[in-house]
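Notes for the one structure printed next.
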Amino acid sequence: MTERHNTHTLCESADVVVLGAGPAGLVLGILLHAAGIDCVILERASRTQVRTRARAGFLAPNTVEILDRHGLADGLHRHGRRHGTCEFRTQDGRFRLDYGALGQGAQHHVYPQQNLVTDLLTHYLDLGGRIRFRTEALAVRDADGNRPSVTTREPDGGTTRWTARYVAGCDGRYGAARRSLPPGAVRHHRYDHGVTWLGLLAEAPPSLDAVGYAIHDRGFAGHMARTSEVTRYYLQWQRGTPADAWPEQRIWDELDLRMGAADHGPLRRGTLLERGVFDLTCDVVEPLRHGSLLLAGDAASLLAPAAAKGANLAVLEAEMLAEALTDALTRGDTAGLDSYSDRCLAHIWRAQEFTGWMTRLLHAPPDPDQDAGSFFHAALRRSRLASLRTSRIHQDWFAENYVGV
Ligand code: RFL
């Protein structure tokens, strides 16, 4: 329903207003629409930006099951690849873990996030779903009542006030949903691993048929396949240094050095399509609900990308939230909404725990007692890696956590 309020402000409504068209918002929008719920997705970016933003690539079996259950995995099955090996490299050598054959024998699907988002968007639009691009949510108001509203800035500069029964904050870490939580409404647990990565997207085929984790005196380097033409690399980076501080040649030389190219073969070089610097920080909002405002995906919890969990949690939470909202709006049954936060937080803390473990395997934590501390932590990391290389029980534990959410 649209109503002209004055020359600049429109009033519109939907039972559920979803903020953000990432994996969380789109899966939620599709499932609500399929259940006959009146919903709209409001997205700050343009359609092209949404369809081309390269981020995740490793999808867990549970994520694929959810997408399969709702008929959303055709593209992934057609163009994605199964993946089940990772390789750890140090200056002393390397070893591989065929994690797909360990634990419960589960593998990842490698499918770039922008392709998944494009598939989800196409599906949502084919269903007749409502979405507004270039529409930025500015604030969520009255979330503690049963008629919350969202104010948006429209592409033409005007504003719209959306009224709703529920607002789903799927607009990431810096979105309006988090910003609108009144002081004291939730607890915000933050942790900074004290490490910064330079994330790179290279127009180059993968250099190894495994996820590569290199632990080197000069810092961490990582390799993750995306497609046969594009590969993601990471370099541990000096905090505060801009992404463009080094020329391409220097970046490739450093990747070669840390990944032990002299011993294990050179990396396949190509143009760097994208560079981004990000600090390995993580956080959890608790609870994930304030009245009629509910959080999902990165808006609920941010994870360092060391263990590739964020997009997987986003899809899981979106399915849980869709079921809970459908029960509430179609049958007046709010039990699912009441337990939504606790059920999600159990998965979130488990993913945070494993991500923290991975981060400490790849990096020494910052230590005020520099010299003694760095020796101590380097020794702990070597011991952790030795255990992973030699203990079948440890390997099974790793495999189960690496592909699980
Ligand atoms: P998204 O994908 O960030 O989407 C949020 C959407 O909200 C929009 N938005 C707003 N819209 C309206 N009004 C506002 N005020 C708004 N503010 C923001 C944004 O434009 C955007 O479209 O969040 P979502 O849906 O929660 O999904 C989360 C995932 O995107 C994220 O967790 C993953 O990308 C994390 N991640 C990985 N996760 C994995 O599971 N496997 C991986 O292999 C993996 N690799 C990665 C990653 C994240 C990375 N970055 C971003 C550091 C690799 C990298 C480099």
Side-chain angles (χ1 to χ4, degrees), residues 17-29 40-60 62-64 83 108-114 116-117 120-121 131-140 150-155 160 162 167-180 196-201 211 222 224-226 232-235 243 274-282 288 295-318 321 344 348 351 355 402-405:
V17 171
V18 179
L19 309 183
L26 285 166
V27 169
L28 178 60
V40 64
I41 301 178
L42 308 177
E43 166 57 52
R44 180 179 60 187
S46 69
R47 181 189 296 234
T48 308
Q49 284 167 328
V50 165
R51 290 161 53 112
T52 53
R53 212 165 22 199
R55 302 177 86 184
F58 276 63
L59 299 178
N62 185 62
T63 308
V64 179
H83 193 287
H108 282 115
H109 270 77
V110 183
Y111 191 54
Q113 181 168 326
Q114 67 272 30
L116 176 65
V117 163
L120 295 172
L121 183 58
I131 183 164
R132 301 284 173 85
F133 293 102
R134 297 173 58 225
T135 298
E136 181 180 9
L138 300 174
V140 182
V150 179
T151 316
T152 57
R153 187 177 14 240
E154 303 301 309
T160 297
W162 290 85
V167 176
C170 305
D171 52 348
R173 182 190 202 179
Y174 300 109
R178 274 190 177 201
R179 274 201 316 270
S180 303
T196 299
W197 282 8
L198 175 68
L200 303 156
L201 211 56
V211 179
M224 287 192 188
R226 283 297 185 256
R232 192 172 267 296
Y233 286 95
Y234 296 108
L235 265 186
E274 250 184 58
R275 305 176 182 208
V277 172
F278 50 93
D279 298 337
L280 268 61
T281 56
C282 49
L288 307 182
L295 306 180
D298 281 7
S301 171
L302 193 81
L303 293 103
K309 299 285 182 214
N312 293 292
L313 278 175
V315 171
L316 174 71
E317 290 157 16
L321 185 53
C344 287
I348 287 172
T355 300
Y402 194 54
V403 291
V405 274

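Whatever order the structure lists them in is the order used to number ligands and atoms, beginning at 1.
- Atom 16 (C) of ligand 1 has its closest protein heavy atom at Asp171 CB, 3.7 Å.
- Taking OG1 from Thr135 and CH2 from Trp162, the interatomic distance works out to 8.0 Å, rounded to the nearest 0.5 Å.
- If you check which protein heavy atom lies closest to atom 34 (O) of ligand 1, you get Gln113 OE1, 2.8 Å.
- Per-residue contacts place Gly175 under 4.0 angstrom from the following atoms of ligand 1 (heavy atoms of the residue considered): 17 (N).
- Here the side chain of Arg275 pairs a donor or acceptor atom with the backbone of Ala243 at under 3.5 angstrom.
- Between Ala311 and ligand 1, an N or O atom pair is found at a separation short of 3.5 Å.
- Put simply, no part of Leu59 is less than 4.0 Å from ligand 1, judged by heavy atoms.
- Considering backbone and side-chain atoms together, Tyr234 places no N or O closer than 3.5 Å to any N or O of ligand 1.
- A donor-acceptor pair is defined here as one N or O able to donate and one able to accept, closer than 3.5 Å; no such pair exists between the side chain of Glu136 and the backbone of Arg153.
- Ligand-side atoms of ligand 1 in range of Ala308: 39 (C), 40 (O), 41 (N), 42 (C), 43 (O), range being under 4.0 angstrom from any heavy atom.
- Set against the non-hydrogen atoms of Thr135, the atoms of ligand 1 under 4.0 Å away are 12 (C).
- With a 4.0 Å heavy-atom cut-off, ligand 1 is reached by no atom of Arg134.
- Polar contact with ligand 1: absent for Ala314 (N/O pair, distance under 3.5 Å).
- For ligand 1, the atoms sitting less than 4.0 Å from at least one non-hydrogen atom of Arg226 are 43 (O), 45 (N), numbered in the order shown with element in parentheses.
- At a threshold of 4.5 Å between non-hydrogen side-chain atoms, the residues Asn312 and Asn62 do not count as touching.
- With ligand atoms numbered from 1 in the order given, ligand 1 contributes 42 (C), 43 (O) to contacts under 4.0 Å with heavy atoms of Gly57.
- Taking distance alone, with nitrogen or oxygen atoms compared against 3.5 Å, Tyr174 stays at or beyond that limit from ligand 1.
- The proximity of Leu313 to ligand 1, defined as any non-hydrogen pair under 4.0 Å, does not occur for either the backbone or the side chain.
- You'll find the side chain of Leu59 stays beyond 4.5 Å of the side chain of Val315, heavy atoms only.
- The atoms of ligand 1 that sit less than 4.0 Å from any heavy atom of Asn312 are 39 (C), 40 (O).
- Closest to atom 1 (P) of ligand 1 among all protein heavy atoms lies Arg55 NH1, 3.3 Å.
- Heavy-atom separations between Gln49 and ligand 1 are all 4.0 Å or longer.
- In terms of protein heavy-atom proximity, atom 11 (N) of ligand 1 is nearest to Arg44 N, 3.0 Å.
- For atom 24 (P) of ligand 1, the nearest non-hydrogen atom of the protein is Pro23 CD, 4.0 Å.
- Here the straight-line distance linking atom CD1 of Ile41 with atom CG of Asp171 works out to 12.0 Å at 0.5 Å rounding.
- Remark: minimum distance from atom 25 (O) of ligand 1 to any protein heavy atom is reached at Ala24 N, 2.9 Å.
- Under the 4.0 angstrom criterion for non-hydrogen atoms, Arg178 is not in contact with ligand 1.
- For ligand 1, the polar-atom distance check finds no N/O of Glu136 at less than 3.5 Å from any of the ligand's N/O atoms.
- Ligand 1 has no N or O atom lying under 3.5 Å from any N or O atom of Ala45, backbone or side chain.
- Ranking protein heavy atoms by distance to atom 26 (O) of ligand 1, first place goes to Asp298 N, 2.8 Å.
- Side chains of His109 and Leu116 form no contact here, defined as non-hydrogen atoms less than 4.5 Å apart.
- At least one heavy atom of Arg53 lies less than 4.0 angstrom from ligand 1.
- The contact set between ligand 1 and Gly22, taken as ligand atoms under 4.0 Å from a residue heavy atom, comprises 2 (O), 4 (O), 6 (C), 25 (O).
- The closest protein non-hydrogen atom to atom 13 (N) of ligand 1 is Ala137 N, 2.9 Å.
- Comparing Arg132, Gln114, Glu43 by heavy-atom distance to atom 6 (C) of ligand 1, the nearest is Glu43.
- Ligand-side atoms of ligand 1 in range of Leu42: 11 (N), 12 (C), range being under 4.0 angstrom from any heavy atom.
- Where the criterion is an N or O separation shorter than 3.5 Å, residue side chain and backbone included, Leu19 fails it with respect to ligand 1.
- Every N/O-N/O distance between Ala299 and ligand 1 stays at or above 3.5 Å.
- In this structure a side-chain-to-backbone donor-acceptor pair under 3.5 Å is missing from Lys309 to Ala304.
- Annotation: the span from Glu43 atom CD to Thr152 atom OG1 amounts to 12.5 Å, rounded to 0.5 Å.
- Relative to atom 5 (C) of ligand 1, the option among Ala56, Gly199, Gly169, Cys170 with the closest non-hydrogen atom is Cys170.
- Between Tyr234 and Trp197, the ring planes lie tilted relative to each other; the angle falls in the 30° to 60° range.
- Under 4.0 angstrom from ligand 1, there are no non-hydrogen atoms of Arg173.
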